[in-house]
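Heavy atoms only: backbone and side chains are in, while hydrogens, waters and symmetry mates are out. By convention in this document, chain letters (A, B, ...) are assigned in the order of the sequence lines, proteins followed by strands, and residues within each chain are numbered from 1.
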Amino acid sequence: MSKEASNEKSLNFIEQIIEDDLANGKHNGEVQTRFPPEPNGFLHIGHAKAISVNFGIAQRYNGKCNLRFDDTNPTTESTEYVDNIKKDIAWLGFEWDNECYASDYFDRLYDFAVTLIQKGLAYVDDSTADEIAEQKGSPDQPGTESPYRNRSVAENISLFVGMKNGDFPDGSRVLRAKVDMNSPNMHMRDPIIYRIKKEAHHRTGDKWNIYPMCDFAHGQSDSIEQVTHSLCSLEFIHHRPLYNWFIAHLEIYPSRQIEFARMNVSYMITSKRKLLKLVNEGLVTGWNDPRMPTIAGMRRRGFPPKAIVDFCVRAGVAKRDNLIDVGLLEFFVREVLNKETPRYMAVLNPLKVIITNYPEGKEEELVAINNPEDESQGTRIIPFSREIYIEQEDFMEDPPKKYFRMGPGRNVRLKNAYILHCEDYKKNAQTGAIEEVYCTYYPDSKSGQDTSGVKAKGTLHFVSIAHAKQAEVRLYDRLFTDPTPTAHDDKDYLDFFNTGSLEVLHNAFIEPALAEVVAGDRLQFMRKGYFAADDEHTSDKPVFNRTVTLKDTWAKMKKK
RNA sequence: AGACCUAUGGUGUAAUUGGUAACACAGCAGAUUUUGGUUCUGUCGUUCUAGGUUCGAGUCCUAGUAGGUCUACCA
């Protein structure tokens with residue numbers, strides 16, 4: 001939990017409920033939550049929110065949080081997803097108490113179903129899917145009862161056992177709870193609780209021919225695990241009466257479901273189907289593409305887990321629809337990275353500078369501070385020589401007055417090195433491109449021992465050409481050009497795909513100290529942003545992903 | 001159309017439960033700075049509408065309005 005959260009006096013509505021329960025001695029003062037993913041996809045920023053809420057609440061109240069896989073549909077689920085989900089949660093920094101599976105409760109769930117049948121509260125229905133849908137009616141139209149609704153207990157038991165034993169084909173029969181076909185809540189109109197699926201399950205193999213529906217598994221799983229507060233998103237609010245109905249009629253541990261609004265983030269989407277389409281259509285390279293809002297994508301992008309969790313905590317918990325500015329996430333990413341990452345110099349778009357009065361063949365070793373925010377990160381050596389690269393955008397032939405960088409006749413400091421005076425430059429007559437810049441340096445202006453008295457307004461990063469290494473740099477930007485790409489009735493979300501979301505630079509140059517960096521390392525390229533060494537990065541073939549740019553007030557001024 | 005949920009600065013969340021509407025981000029202005037970064041200071045701006053209860057309403061009541069959710073053998 002973040003410091004802010006633990007010191008905060010104000011409580012969100014869930015914490016208020018919990019503190020009331022604690023004050024009343026409910027559940028013996030215990031708090032048990034759970035995070036219940038279905039192992040059929042990758043975790044994304046929305047799951048990160050659910051994780052931080054469930055684990056955060058448990059931490060705050062000295063409770064426990066289980067990881068429970070809601071694996072009741074063998075058609076879509078696999079252990080590969082289980083492994084990835086565990087990896088992502090651990091990476092976010094959370095430890096679950098028990099690792100649970102709804103499938104571990106299949107025997108008990110079956111017994112629960114039998115209990116319901118014996119109480120006259122469930123029946124086997126031979127209707128087709130279409131017929132059942134028709135019976136349910138519509139919200140403003142009461143439903144009609146199934147012709148099979150009043151079978152005897154004995155017949156129901158016999159048929160249900162038959163379903164279990166595989167006597168009937170898939171889809172031929174279902175078990176339905178006998179609730180209320182006239183309820184304005186569609187979920188109470190005799191919901192299906194078991195269906196026939198002669199399919200192998202990733203954990204139970206071919207033991208079962210029938211599988212419980214989520215509604216019949218989720219609440220009972222909570223109850224079995226003695227979950228005190230079952231926190232879920234708002235769309236399950238209509239399921240709560242059913243959740244309570246099962247607990248009441250089964251007379252089992254009274255877990256309580258509490259719903260909160262899921263988090264929406266601008267310029268991001270979290271629909272599993274829509275994300276999959278991006279992958280399938282090749283718009284991204286996979287589920288862990290650094291542009292993806294998946295945990296795996298954000299990890300590869302270089303987002304620190306703490307930033308993601310801080311962001312979720314800051315976004316808060318409430319019941320109204322929300323659209324959180326992705327800028328808030330970027331704020332936390334920068335805040336964490338500013339304190340943690342070592343600084344390096346890398347020139348993304350090189351422009352050659354020759355220091356005409358610096359002796360040919362001479363080399364110097366300059367000392368640079370690794371992180372001005374963290375003295376313990378020490379210093380490193382930066383080589384310096386007569387020919388260097390600076391950033392193309394750091395030179396202007398005819399700069400405006402507020403431009404502090406290099407221009408003809410101007411002074412500018414090289415970070416950790418000398419002050420340069422720009423004497424001349426070479427321009428390509430055809431293209432107009434600046435090809436080389438010629439400068440002189442002030443020998444007594446060396447960083448840390450500057451006695452020159454020369455003034456320079458701007459400071460530039462650079463690399464010594466002879467010592468620099470070529471690298472690939474991938475500049476990532478948001479995936480969509482619209483803050484809510486899925487919210488337009490007249491347009492498809494793919495219409496808003498940001499074709500500029502990835503720019504690959506093959507001709508970047510990095511300082512030699514970067515040789516120590518390994519895949520996954522996060523760092524700052526001074527004045528350019530925070531970057532992470534990609535999964536494909538090696539010291540021979542360096543590849544860096546831009547996590548986020550630095551705040552850029554100059555870019556803002558230019559716009560005006 | 002029915003049921004349910006929600007409504008506080010640009011965004012998100014608070015308001016010790018009926019007692020001066022605040023915090024963060026974003027914005028704007030300035031200071032510092034060998035990263036146009038960081039840090040610091042200042043500043044802009046808020047209770048959906050209409051009634052009612054009350055000495056006093058963001059909070060309670062009534063009626064509207066707006067947005068969302070639900071009608072899968074998915075979760």
Those residues at least two apart in sequence (or on a different chain) that pass side-chain hydrogen bond (donor to acceptor under 3.5 Å, both in side chains) with A:E364 are A:Y358, A:Y418, A:K446
| request: For A:N370 and A:R343, run side-chain hydrogen bond (donor to acceptor under 3.5 Å, both in side chains): C-alpha distance rounded to whole Å, both residues' side-chain angles, the deciding distance at 0.1 Å, then the answer. | output: CA-CA 5 Å; A:N370 286 330; A:R343 274 62 167 168; over 6 Å; no
The dot-bracket string of RNA chain B, counting Watson-Crick and G-U wobble pairs with both distances under 3.5 Å, using [ ] for crossing pairs and | for pairs to another strand, is .((((((..((((.....[..)))).(((((.......)))))....(((((..]....))))))))))).....
Across all chains, not counting sequence neighbours, the salt bridge (charged side-chain N to carboxylate O under 4.0 Å, His left out) partners of A:D215 are none
Letter by letter from the 5' end, nucleotides 27-35 of chain B scores (B base, S sugar-phosphate only, - none; protein heavy atoms under 4.0 Å) SSS----BB
N/O contacts under 3.5 Å, protein versus nucleotides 16-20 of chain B?
unit_1: B:U17; atom_1: O4; unit_2: A:Q16; atom_2: OE1; d: 3.1

Q) Does A:R522 make a cation-pi contact with A:F531 (under 6.0 Å, within 45 degrees of the axis)? A) no
Would A:R478 and A:Y267 count as a cation-pi pair here, with the cationic atom under 6.0 angstrom from the ring centre and within 45° of the axis?
yes
A:Q141 meets the side-chain hydrogen bond (donor to acceptor under 3.5 Å, both in side chains) criterion, sequence neighbours left out, with none
Donor-acceptor pairs under 3.5 angstrom involving side-chain atoms of residues 217-224 of chain A: please list them, not counting sequence neighbours.
unit_1: A:H218; atom_1: ND1; unit_2: A:D70; atom_2: OD2; d: 2.8
unit_1: A:H218; atom_1: NE2; unit_2: A:R34; atom_2: NH1; d: 2.9
unit_1: A:Q220; atom_1: NE2; unit_2: A:F216; atom_2: O; d: 2.9
unit_1: A:S221; atom_1: OG; unit_2: A:A217; atom_2: O; d: 2.6
unit_1: A:D222; atom_1: OD1; unit_2: A:R68; atom_2: NH1; d: 3.2
unit_1: A:D222; atom_1: OD1; unit_2: A:R68; atom_2: NH2; d: 2.8
unit_1: A:D222; atom_1: OD2; unit_2: A:S230; atom_2: OG; d: 2.7
unit_1: A:D222; atom_1: OD2; unit_2: A:Y243; atom_2: OH; d: 2.7
unit_1: A:S223; atom_1: OG; unit_2: A:Y253; atom_2: N; d: 3.0
unit_1: A:S223; atom_1: OG; unit_2: A:Y253; atom_2: O; d: 2.7

Across all chains, not counting sequence neighbours, the salt bridge (charged side-chain N to carboxylate O under 4.0 Å, His left out) partners of A:R320 are none
The salt bridge (charged side-chain N to carboxylate O under 4.0 Å, His left out) partners of A:R380 (sequence neighbours excluded) come to A:E511
Output for pair (A:I419 CD1, A:L414 CG), nearest 0.5 Å, gives 9.5 Å
The salt bridge (charged side-chain N to carboxylate O under 4.0 Å, His left out) partners of A:K86 (sequence neighbours excluded) come to A:E99
With sugar-phosphate taken as primed atoms, P, OP1 and OP2 and all else as base, the protein-contact string of nucleotides 68-75 of chain B at under 4.0 Å (heavy atoms; B, S, -) is SBSB-BSB
(Q) Counting the atoms with a prime plus P, OP1 and OP2 as sugar-phosphate, which does A:F331 contact under 4.0 Å by heavy atoms, base, sugar-phosphate, or nothing? (A) sugar-phosphate
So, is A:R320 close to the B:U8 phosphate, meaning a side-chain N or O under 4.0 Å from OP1 or OP2?
yes
Are A:K528 and A:E393 close enough, and set up right, to give a salt bridge (charged side-chain N to carboxylate O under 4.0 Å, His left out), and what steps lead you there?
CA-CA 11 Å; A:K528 297 313 296 179; A:E393 63 175 13; 2.7 Å; yes
Base orientation of B:U17, chi within 90° of 0 counted as syn, else anti, reads syn
Residues 166-187 of chain A vs salt bridge (Lys or Arg N to Asp or Glu O under 4.0 Å), sequence neighbours excluded, gives A:D125-A:R176, A:D126-A:R173
